[in-house]
Amino acid sequence: MPSFVANVNQQTDVLPKGVKALMDNGLVTIPGRYIKPPSHRAVKHLIVPGVEIPVIDMAELESDREKFVQTLCKASSEWGIFQVINHGIPVATMQGMVHGVLELFDLPIEEKMKYYTEEVFVPVRYCTSMTPSQETHMEWHDHFQHYFSNREKEHPWPEKPACYKEIAWFLGYCRRLASSYVSSVKHLSQTLMSALSEGLGLDSNCLAKSFGDSEMILRSNYYPPCPNPDLALGMNGHTDSGGLTILFEDQVGGLQARKGDLWYDLKPIKNAFIVNIADQLQILSNGKYKSIEHRVLVQPDQTRLSIVAFCNPSQDAVIGPLPELIDEQNPPLYKSTLYQEHITNVYTKYLDGKHSQKLQIN
Ligand code: OGA
Ligand code: NI
(Lines give C-alpha, C1' and ligand atoms only; values in the text may rest on other atoms or scores of the structure.)
(Ligands and ions follow the chains in the order given, each with its own letter.)
Protein backbone atom coordinates (compact mmCIF):
# COMPACT_ATOMS: atom_id res chain seq x y z
CA MET A 1 0.00 0.00 0.00
CA PRO A 2 2.67 2.63 0.82
CA SER A 3 4.18 2.42 -2.65
CA PHE A 4 0.72 2.96 -4.13
CA VAL A 5 0.26 6.15 -2.17
CA ALA A 6 3.78 7.25 -3.09
CA ASN A 7 2.83 6.96 -6.73
CA VAL A 8 -0.06 9.34 -6.27
CA ASN A 9 2.47 12.00 -5.38
CA GLN A 10 4.94 11.22 -8.14
CA GLN A 11 5.95 13.70 -10.80
CA THR A 12 3.62 12.49 -13.48
CA ASP A 13 5.29 14.47 -16.28
CA VAL A 14 8.24 12.04 -16.27
CA LEU A 15 6.14 8.87 -16.38
CA PRO A 16 4.87 7.32 -19.60
CA LYS A 17 1.20 8.23 -19.79
CA GLY A 18 0.11 5.45 -22.06
CA VAL A 19 -0.51 4.81 -25.73
CA LYS A 20 -4.05 6.20 -25.74
CA ALA A 21 -2.64 9.57 -24.66
CA LEU A 22 -0.04 9.38 -27.47
CA MET A 23 -2.72 8.72 -30.07
CA ASP A 24 -5.07 11.36 -28.62
CA ASN A 25 -2.24 13.84 -29.19
CA GLY A 26 -2.09 12.98 -32.88
CA LEU A 27 0.91 10.64 -33.04
CA VAL A 28 1.67 9.52 -36.63
CA THR A 29 4.74 7.29 -36.20
CA ILE A 30 5.40 5.06 -33.22
CA PRO A 31 8.24 6.11 -30.90
CA GLY A 32 11.37 3.92 -30.93
CA ARG A 33 10.54 2.39 -27.54
CA TYR A 34 7.56 0.62 -29.09
CA ILE A 35 9.45 -0.81 -32.06
CA LYS A 36 10.17 -4.48 -31.48
CA PRO A 37 13.46 -5.86 -32.77
CA PRO A 38 12.81 -8.07 -35.84
CA SER A 39 13.23 -11.26 -33.77
CA HIS A 40 10.27 -10.22 -31.54
CA ARG A 41 7.83 -9.15 -34.26
CA ALA A 42 4.88 -11.20 -35.47
CA VAL A 43 6.14 -13.04 -38.55
CA LYS A 44 3.40 -13.58 -41.15
CA HIS A 45 4.54 -17.02 -42.36
CA LEU A 46 4.32 -18.40 -38.80
CA ILE A 47 0.66 -17.42 -38.49
CA VAL A 48 -1.81 -20.13 -39.46
CA PRO A 49 -5.13 -18.74 -40.72
CA GLY A 50 -8.49 -20.48 -40.48
CA VAL A 51 -7.79 -23.12 -37.82
CA GLU A 52 -10.67 -23.47 -35.40
CA ILE A 53 -9.71 -23.09 -31.76
CA PRO A 54 -12.20 -25.26 -29.78
CA VAL A 55 -15.63 -23.82 -29.00
CA ILE A 56 -17.28 -25.14 -25.83
CA ASP A 57 -21.08 -25.04 -25.66
CA MET A 58 -22.10 -24.62 -22.01
CA ALA A 59 -25.65 -25.74 -22.88
CA GLU A 60 -24.23 -29.26 -23.14
CA LEU A 61 -23.51 -29.20 -19.42
CA GLU A 62 -27.23 -29.71 -18.76
CA SER A 63 -27.96 -32.16 -21.57
CA ASP A 64 -24.90 -34.44 -21.35
CA ARG A 65 -22.44 -33.60 -18.54
CA GLU A 66 -20.10 -36.49 -19.32
CA LYS A 67 -19.69 -35.42 -22.94
CA PHE A 68 -19.22 -31.81 -21.84
CA VAL A 69 -16.45 -32.80 -19.42
CA GLN A 70 -14.73 -34.85 -22.14
CA THR A 71 -14.86 -32.00 -24.66
CA LEU A 72 -13.57 -29.48 -22.09
CA CYS A 73 -10.81 -31.82 -20.98
CA LYS A 74 -9.71 -32.42 -24.61
CA ALA A 75 -9.65 -28.68 -25.36
CA SER A 76 -7.66 -27.99 -22.16
CA SER A 77 -5.15 -30.77 -22.88
CA GLU A 78 -4.67 -30.21 -26.62
CA TRP A 79 -4.96 -26.42 -26.72
CA GLY A 80 -5.26 -24.88 -23.27
CA ILE A 81 -7.49 -22.21 -24.81
CA PHE A 82 -11.08 -22.23 -26.05
CA GLN A 83 -14.14 -20.05 -26.54
CA VAL A 84 -17.24 -20.54 -24.40
CA ILE A 85 -20.75 -19.96 -25.77
CA ASN A 86 -24.22 -20.23 -24.18
CA HIS A 87 -22.66 -19.38 -20.82
CA GLY A 88 -25.84 -17.76 -19.50
CA ILE A 89 -24.26 -14.41 -18.52
CA PRO A 90 -26.66 -11.70 -19.71
CA VAL A 91 -25.42 -9.56 -22.60
CA ALA A 92 -26.46 -6.49 -20.57
CA THR A 93 -23.96 -7.43 -17.81
CA MET A 94 -21.13 -7.61 -20.34
CA GLN A 95 -22.15 -4.48 -22.21
CA GLY A 96 -22.51 -2.56 -18.93
CA MET A 97 -18.99 -3.58 -18.01
CA VAL A 98 -17.61 -2.57 -21.42
CA HIS A 99 -19.23 0.88 -21.20
CA GLY A 100 -17.92 1.40 -17.68
CA VAL A 101 -14.41 0.38 -18.65
CA LEU A 102 -14.41 2.66 -21.68
CA GLU A 103 -15.41 5.49 -19.35
CA LEU A 104 -12.38 4.71 -17.20
CA PHE A 105 -10.01 4.92 -20.16
CA ASP A 106 -11.72 8.12 -21.30
CA LEU A 107 -10.99 9.85 -18.00
CA PRO A 108 -8.64 12.84 -18.40
CA ILE A 109 -5.04 11.67 -18.35
CA GLU A 110 -4.32 13.58 -15.08
CA GLU A 111 -7.08 11.55 -13.43
CA LYS A 112 -5.73 8.21 -14.71
CA MET A 113 -2.17 9.12 -13.71
CA LYS A 114 -3.28 9.29 -10.06
CA TYR A 115 -3.47 5.49 -10.21
CA TYR A 116 -0.32 5.00 -12.27
CA THR A 117 2.02 2.48 -10.71
CA GLU A 118 4.39 -0.29 -11.77
CA GLU A 119 3.65 -2.17 -8.55
CA VAL A 120 1.78 -5.36 -9.26
CA PHE A 121 0.27 -6.23 -5.88
CA VAL A 122 -1.70 -3.03 -5.33
CA PRO A 123 -5.50 -2.94 -5.11
CA VAL A 124 -5.83 -0.80 -8.21
CA ARG A 125 -3.34 0.01 -10.94
CA TYR A 126 -3.31 2.08 -14.10
CA CYS A 127 -0.27 1.41 -16.24
CA THR A 128 0.92 1.08 -19.79
CA SER A 129 2.82 -1.94 -21.12
CA MET A 130 3.94 -4.12 -18.17
CA THR A 131 6.79 -2.48 -16.24
CA PRO A 132 7.90 0.43 -18.49
CA SER A 133 10.93 1.39 -16.39
CA GLN A 134 12.47 -2.06 -16.93
CA GLU A 135 11.51 -2.66 -20.55
CA THR A 136 13.55 -1.90 -23.63
CA HIS A 137 10.58 -2.56 -25.92
CA MET A 138 7.18 -1.59 -24.63
CA GLU A 139 3.83 -3.15 -25.40
CA TRP A 140 1.17 -1.13 -27.25
CA HIS A 141 -1.58 -1.10 -24.62
CA ASP A 142 -2.77 0.64 -21.46
CA HIS A 143 -4.57 -1.14 -18.64
CA PHE A 144 -6.48 -0.81 -15.40
CA GLN A 145 -6.07 -3.65 -12.94
CA HIS A 146 -8.10 -4.23 -9.82
CA TYR A 147 -7.98 -6.95 -7.15
CA PHE A 148 -11.14 -8.60 -5.90
CA SER A 149 -10.23 -10.67 -2.90
CA ASN A 150 -11.48 -11.31 0.57
CA ARG A 151 -8.43 -9.41 1.81
CA GLU A 152 -10.18 -6.21 0.76
CA LYS A 153 -12.49 -6.60 3.73
CA GLU A 154 -9.41 -6.04 5.88
CA HIS A 155 -8.88 -2.50 4.56
CA PRO A 156 -10.70 0.03 6.66
CA TRP A 157 -10.02 3.12 4.54
CA PRO A 158 -8.86 6.05 6.65
CA GLU A 159 -10.19 9.55 5.94
CA LYS A 160 -6.73 11.11 5.95
CA PRO A 161 -4.51 11.76 4.09
CA ALA A 162 -6.77 13.04 1.33
CA CYS A 163 -5.19 10.87 -1.35
CA TYR A 164 -6.23 7.81 0.64
CA LYS A 165 -9.81 8.97 0.56
CA GLU A 166 -9.61 9.49 -3.16
CA ILE A 167 -8.24 6.00 -3.67
CA ALA A 168 -10.95 4.56 -1.47
CA TRP A 169 -13.57 6.37 -3.52
CA PHE A 170 -12.04 5.13 -6.76
CA LEU A 171 -11.88 1.55 -5.47
CA GLY A 172 -15.50 1.78 -4.47
CA TYR A 173 -16.34 3.10 -7.93
CA CYS A 174 -14.51 0.20 -9.64
CA ARG A 175 -16.16 -2.30 -7.31
CA ARG A 176 -19.66 -1.03 -7.99
CA LEU A 177 -18.99 -0.90 -11.71
CA ALA A 178 -17.73 -4.46 -11.81
CA SER A 179 -19.67 -6.25 -9.11
CA SER A 180 -22.31 -8.06 -11.17
CA TYR A 181 -19.77 -8.83 -13.91
CA VAL A 182 -17.30 -10.22 -11.39
CA SER A 183 -19.85 -12.41 -9.62
CA SER A 184 -21.11 -13.77 -12.97
CA VAL A 185 -17.58 -14.56 -14.15
CA LYS A 186 -16.69 -16.10 -10.77
CA HIS A 187 -19.67 -18.42 -11.13
CA LEU A 188 -18.57 -19.37 -14.66
CA SER A 189 -15.05 -20.11 -13.43
CA GLN A 190 -16.40 -22.32 -10.62
CA THR A 191 -18.50 -24.29 -13.12
CA LEU A 192 -15.49 -24.79 -15.40
CA MET A 193 -13.18 -25.72 -12.51
CA SER A 194 -15.64 -28.39 -11.32
CA ALA A 195 -15.79 -29.90 -14.79
CA LEU A 196 -11.98 -29.69 -15.12
CA SER A 197 -11.63 -31.59 -11.80
CA GLU A 198 -13.97 -34.28 -13.11
CA GLY A 199 -11.92 -34.41 -16.31
CA LEU A 200 -8.96 -35.49 -14.16
CA GLY A 201 -11.09 -38.30 -12.71
CA LEU A 202 -11.41 -36.47 -9.36
CA ASP A 203 -14.17 -35.04 -7.17
CA SER A 204 -15.65 -31.90 -8.67
CA ASN A 205 -14.41 -29.67 -5.82
CA CYS A 206 -10.81 -30.91 -5.94
CA LEU A 207 -9.25 -28.03 -7.91
CA ALA A 208 -11.23 -25.37 -6.04
CA LYS A 209 -10.05 -26.85 -2.73
CA SER A 210 -6.43 -26.58 -3.87
CA PHE A 211 -6.95 -22.90 -4.73
CA GLY A 212 -8.02 -22.14 -1.16
CA ASP A 213 -9.53 -18.70 -0.66
CA SER A 214 -9.21 -17.84 -4.33
CA GLU A 215 -8.60 -14.37 -5.66
CA MET A 216 -9.80 -12.60 -8.77
CA ILE A 217 -7.89 -9.90 -10.60
CA LEU A 218 -9.77 -7.91 -13.17
CA ARG A 219 -7.64 -6.33 -15.85
CA SER A 220 -8.97 -4.21 -18.67
CA ASN A 221 -6.65 -3.78 -21.63
CA TYR A 222 -7.02 -0.91 -24.09
CA TYR A 223 -5.24 -1.22 -27.44
CA PRO A 224 -5.59 1.98 -29.50
CA PRO A 225 -4.93 1.94 -33.26
CA CYS A 226 -1.21 1.75 -33.97
CA PRO A 227 0.34 3.76 -36.83
CA ASN A 228 2.93 1.00 -37.47
CA PRO A 229 1.20 -2.23 -36.45
CA ASP A 230 3.82 -4.51 -38.04
CA LEU A 231 6.58 -3.09 -35.87
CA ALA A 232 4.78 -3.34 -32.53
CA LEU A 233 2.92 -5.86 -30.38
CA GLY A 234 -0.12 -5.15 -28.22
CA MET A 235 1.08 -7.74 -25.72
CA ASN A 236 4.15 -9.97 -25.88
CA GLY A 237 3.80 -13.74 -25.92
CA HIS A 238 3.29 -15.00 -22.35
CA THR A 239 1.44 -17.55 -20.29
CA ASP A 240 -0.82 -16.41 -17.46
CA SER A 241 0.64 -17.22 -14.07
CA GLY A 242 -2.59 -17.95 -12.15
CA GLY A 243 -5.32 -20.56 -12.49
CA LEU A 244 -7.95 -19.92 -15.12
CA THR A 245 -8.31 -16.81 -17.28
CA ILE A 246 -11.70 -15.67 -18.57
CA LEU A 247 -11.53 -12.95 -21.20
CA PHE A 248 -14.23 -10.87 -22.84
CA GLU A 249 -13.28 -8.93 -25.98
CA ASP A 250 -14.94 -6.75 -28.55
CA GLN A 251 -15.11 -7.85 -32.19
CA VAL A 252 -11.79 -6.36 -33.35
CA GLY A 253 -9.58 -9.45 -32.95
CA GLY A 254 -5.81 -9.72 -32.57
CA LEU A 255 -5.43 -12.36 -29.85
CA GLN A 256 -3.29 -15.30 -30.97
CA ALA A 257 -2.36 -18.58 -29.29
CA ARG A 258 0.87 -20.49 -29.87
CA LYS A 259 1.26 -24.18 -30.56
CA GLY A 260 4.82 -25.23 -31.33
CA ASP A 261 6.35 -22.54 -33.54
CA LEU A 262 3.02 -21.48 -35.05
CA TRP A 263 0.50 -18.85 -33.98
CA TYR A 264 -3.27 -19.25 -34.38
CA ASP A 265 -5.82 -16.42 -34.56
CA LEU A 266 -8.74 -16.45 -32.14
CA LYS A 267 -11.61 -15.27 -34.28
CA PRO A 268 -13.97 -13.18 -32.14
CA ILE A 269 -17.37 -14.78 -31.51
CA LYS A 270 -19.97 -12.24 -30.42
CA ASN A 271 -20.72 -12.39 -26.67
CA ALA A 272 -18.51 -15.47 -26.15
CA PHE A 273 -15.77 -15.66 -23.53
CA ILE A 274 -12.26 -16.82 -24.29
CA VAL A 275 -10.93 -19.08 -21.54
CA ASN A 276 -7.35 -20.18 -21.12
CA ILE A 277 -5.58 -22.52 -18.74
CA ALA A 278 -2.87 -20.76 -16.74
CA ASP A 279 0.31 -22.03 -15.05
CA GLN A 280 -1.20 -23.26 -11.74
CA LEU A 281 -3.72 -25.54 -13.47
CA GLN A 282 -0.90 -27.00 -15.56
CA ILE A 283 0.99 -27.76 -12.34
CA LEU A 284 -2.01 -29.15 -10.39
CA SER A 285 -2.97 -31.41 -13.30
CA ASN A 286 0.69 -32.54 -13.54
CA GLY A 287 0.92 -31.29 -17.11
CA LYS A 288 -2.35 -32.71 -18.42
CA TYR A 289 -3.90 -29.26 -18.89
CA LYS A 290 -1.69 -26.84 -20.84
CA SER A 291 -0.97 -23.24 -19.93
CA ILE A 292 -0.87 -21.84 -23.44
CA GLU A 293 1.28 -18.98 -24.64
CA HIS A 294 -0.67 -16.11 -26.18
CA ARG A 295 -0.04 -12.60 -27.52
CA VAL A 296 -1.93 -9.68 -29.03
CA LEU A 297 -1.42 -8.00 -32.42
CA VAL A 298 -2.50 -4.39 -32.92
CA GLN A 299 -4.57 -2.83 -35.69
CA PRO A 300 -3.85 0.24 -37.84
CA ASP A 301 -7.33 1.71 -37.60
CA GLN A 302 -9.27 0.19 -34.72
CA THR A 303 -9.22 0.32 -30.94
CA ARG A 304 -9.52 -3.05 -29.19
CA LEU A 305 -10.77 -3.61 -25.67
CA SER A 306 -10.44 -6.76 -23.60
CA ILE A 307 -11.67 -7.38 -20.06
CA VAL A 308 -9.70 -10.16 -18.44
CA ALA A 309 -10.60 -11.95 -15.21
CA PHE A 310 -7.74 -13.93 -13.70
CA CYS A 311 -9.17 -16.59 -11.38
CA ASN A 312 -6.24 -17.39 -9.15
CA PRO A 313 -5.33 -19.47 -6.10
CA SER A 314 -4.97 -17.78 -2.75
CA GLN A 315 -1.48 -16.30 -2.46
CA ASP A 316 -0.79 -18.56 0.52
CA ALA A 317 -1.81 -21.77 -1.31
CA VAL A 318 0.97 -24.27 -1.94
CA ILE A 319 0.51 -25.52 -5.49
CA GLY A 320 1.97 -28.79 -6.72
CA PRO A 321 0.76 -31.78 -8.76
CA LEU A 322 -2.36 -33.24 -7.10
CA PRO A 323 -1.28 -36.34 -5.09
CA GLU A 324 -4.22 -38.33 -6.57
CA LEU A 325 -2.57 -38.04 -10.01
CA ILE A 326 0.83 -39.29 -8.93
CA ASP A 327 1.99 -42.91 -8.94
CA GLU A 328 4.95 -44.93 -10.21
CA GLN A 329 4.01 -44.44 -13.85
CA ASN A 330 3.15 -40.79 -13.31
CA PRO A 331 5.88 -39.07 -11.31
CA PRO A 332 5.39 -35.41 -10.38
CA LEU A 333 6.61 -33.11 -13.15
CA TYR A 334 6.71 -30.00 -10.98
CA LYS A 335 7.78 -29.03 -7.49
CA SER A 336 5.27 -27.66 -5.01
CA THR A 337 5.60 -23.89 -4.59
CA LEU A 338 3.87 -21.23 -2.57
CA TYR A 339 1.76 -19.39 -5.15
CA GLN A 340 3.00 -16.04 -3.84
CA GLU A 341 6.58 -17.16 -4.50
CA HIS A 342 5.68 -18.19 -8.04
CA ILE A 343 4.13 -14.84 -8.91
CA THR A 344 6.94 -12.90 -7.28
CA ASN A 345 9.36 -14.82 -9.51
CA VAL A 346 7.22 -14.13 -12.57
CA TYR A 347 7.19 -10.39 -11.95
CA THR A 348 10.83 -10.05 -10.96
CA LYS A 349 12.65 -12.64 -13.10
CA TYR A 350 10.55 -13.74 -16.03
CA LEU A 351 9.54 -10.43 -17.51
CA ASP A 352 9.48 -11.81 -21.02
CA GLY A 353 8.23 -15.03 -22.49
CA LYS A 354 6.65 -18.23 -21.41
CA HIS A 355 6.36 -18.76 -17.66
CA SER A 356 5.25 -22.37 -17.72
CA GLN A 357 8.48 -23.47 -19.42
CA LYS A 358 10.22 -21.94 -16.43
CA LEU A 359 8.16 -23.73 -13.82
CA GLN A 360 10.44 -25.70 -11.56
CA ILE A 361 10.67 -29.25 -12.79
CA ASN A 362 12.10 -31.96 -10.56
C1 OGA B 1 -3.57 -10.72 -20.46
C2 OGA B 1 -3.85 -11.11 -21.88
C3 OGA B 1 -5.04 -10.70 -23.91
C4 OGA B 1 -5.97 -9.72 -24.53
O5 OGA B 1 -4.04 -9.64 -20.03
O6 OGA B 1 -2.87 -11.53 -19.79
O7 OGA B 1 -3.32 -12.07 -22.32
O8 OGA B 1 -6.61 -10.10 -25.50
N9 OGA B 1 -4.67 -10.34 -22.59
O10 OGA B 1 -6.02 -8.58 -24.06
NI1 NI C 1 -2.56 -13.35 -20.80
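Index from 1, following the sequence. We count ligands from 1, going down the list as the structure has it; atoms in each ligand are counted the same way.
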Peer 1: Going by side-chain heavy atoms closer than 4.5 Å, which hydrophobic residues are tied to Leu233, directly or by a chain of links?
Peer 2: Ile47, Trp263, Leu297
Peer 1: Quick one: look up the protein heavy atom nearest atom 1 (C) of ligand 1 and list residue, atom name and how far away it is.
Peer 2: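 So the nearest neighbour among protein heavy atoms is Met235 SD, 3.5 Å.
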Peer 1: Where does Ile274 meet ligand 1, judged by heavy-atom distances below 4.0 Å: at the side chain, the backbone, both, or neither?
Peer 2: neither
Peer 1: By number and element, which atoms of ligand 1 are closer than 4.0 Å to a non-hydrogen atom of Val296?
Peer 2: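 Counting atoms of ligand 1 from 1, those under 4.0 Å from Val296 are 3 (C), 4 (C), 8 (O).
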Peer 1: Ligand 1 versus Glu249, non-hydrogen atoms closer than 4.0 Å: side chain, backbone, both, neither?
Peer 2: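 It is neither; nothing of Glu249 touches ligand 1.
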Peer 1: Please list, in number order, the atoms of ligand 1 under 4.0 Å from a heavy atom of Phe310.
Peer 2: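 Taking each heavy atom of Phe310 in turn, ligand 1 has 1 (C), 5 (O), 6 (O) under 4.0 Å.
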Peer 1: To check your reading of the model: name the closest protein heavy atom to atom 6 (O) of ligand 1, its residue, and the distance in Å.
Peer 2: His238 NE2, 3.1 Å
Peer 1: Side chains of Asp279 and Ser241: do they bring a donor and an acceptor to under 3.5 Å?
Peer 2: no
Peer 1: Applying the 4.5 Å side-chain criterion to the ILVMFWY set and letting contacts propagate, would Leu22 and Leu107 be lumped into a single cluster?
Peer 2: yes
Peer 1: Take every heavy atom of His141, measure it against each atom of ligand 1, and state whether any distance is under 4.0 Å.
Peer 2: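 So His141 does not count as touching ligand 1.
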Peer 1: Please work out, at 4.0 Å between heavy atoms, whether the side chain, the backbone, both, or neither of Arg219 comes within that distance of ligand 1.
Peer 2: side chain
Peer 1: Can you tell me if CG on Asp261 sees more than 12 non-hydrogen neighbours from other groups inside 6.0 Å?
Peer 2: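 Result for CG/Asp261: open.
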Peer 1: I'd like to know whether Tyr222 forms a ring-ring contact (aromatic ring centres under 6.0 Å, His included) with Phe144, so could you lay out the CA-CA distance, the side-chain angles of the two residues, the decisive distance to 0.1 Å, and finally the verdict.
Peer 2: CA-CA 9 Å; Tyr222 187 99; Phe144 272 101; 9.9 Å; no
Peer 1: Just by distance, no angles: are the side chains of Asp240 and His294 close enough, under 3.5 Å, to form a donor-acceptor pair?
Peer 2: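 The criterion, which ignores hydrogens and geometry beyond distance, is satisfied for His294 and Asp240.
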Peer 1: Indicate whether any N or O donor in one side chain lies under 3.5 Å from an N or O acceptor in the other, for Glu139 and Asn236.
Peer 2: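 Per modelled atom types, Glu139 and Asn236 side chains form a pair under 3.5 Å.
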Peer 1: Which option, Ala278, Ser306, Gly254, Gly237, owns the non-hydrogen atom nearest atom 10 (O) of ligand 1?
Peer 2: Ser306
Peer 1: For Arg304, take its heavy atoms, then give the atoms of ligand 1 lying under 4.0 Å from any of them.
Peer 2: 4 (C), 8 (O), 10 (O)
Peer 1: Which protein atoms of type N, O or S are found under 2.8 Å from the Ni ion (ligand 2)?
Peer 2: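 Atoms qualifying: His238 NE2, Asp240 OD1, His294 NE2.
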Peer 1: If you take all heavy atoms of Ser210 and Leu284, which pair is closest and at what distance?
Peer 2: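 Minimum heavy-atom separation between Ser210 and Leu284: CB-CD2, 3.7 Å.
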Peer 1: For the residue pair His141 and Tyr223, categorise the inter-ring angle as parallel (less than 30°), tilted (30 to 60°) or perpendicular (more than 60°).
Peer 2: tilted
Peer 1: What is the ring orientation for Tyr147 with Phe121, classed by angle as parallel under 30°, tilted 30 to 60°, or perpendicular over 60°?
Peer 2: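 Judged by the thresholds at 30° and 60°, the geometry between Tyr147 and Phe121 is tilted.
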Peer 1: Should one rank Leu297, Val252, Asn221, Thr245 by closest heavy-atom distance to atom 5 (O) of ligand 1, which comes out on top?
Peer 2: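 Of the listed residues, Asn221 has the closest heavy atom.
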Peer 1: Which heavy atom in Pro132 sits nearest to a heavy atom in Arg33, and how many Å separate them?
Peer 2: O-NH2, 2.7 Å
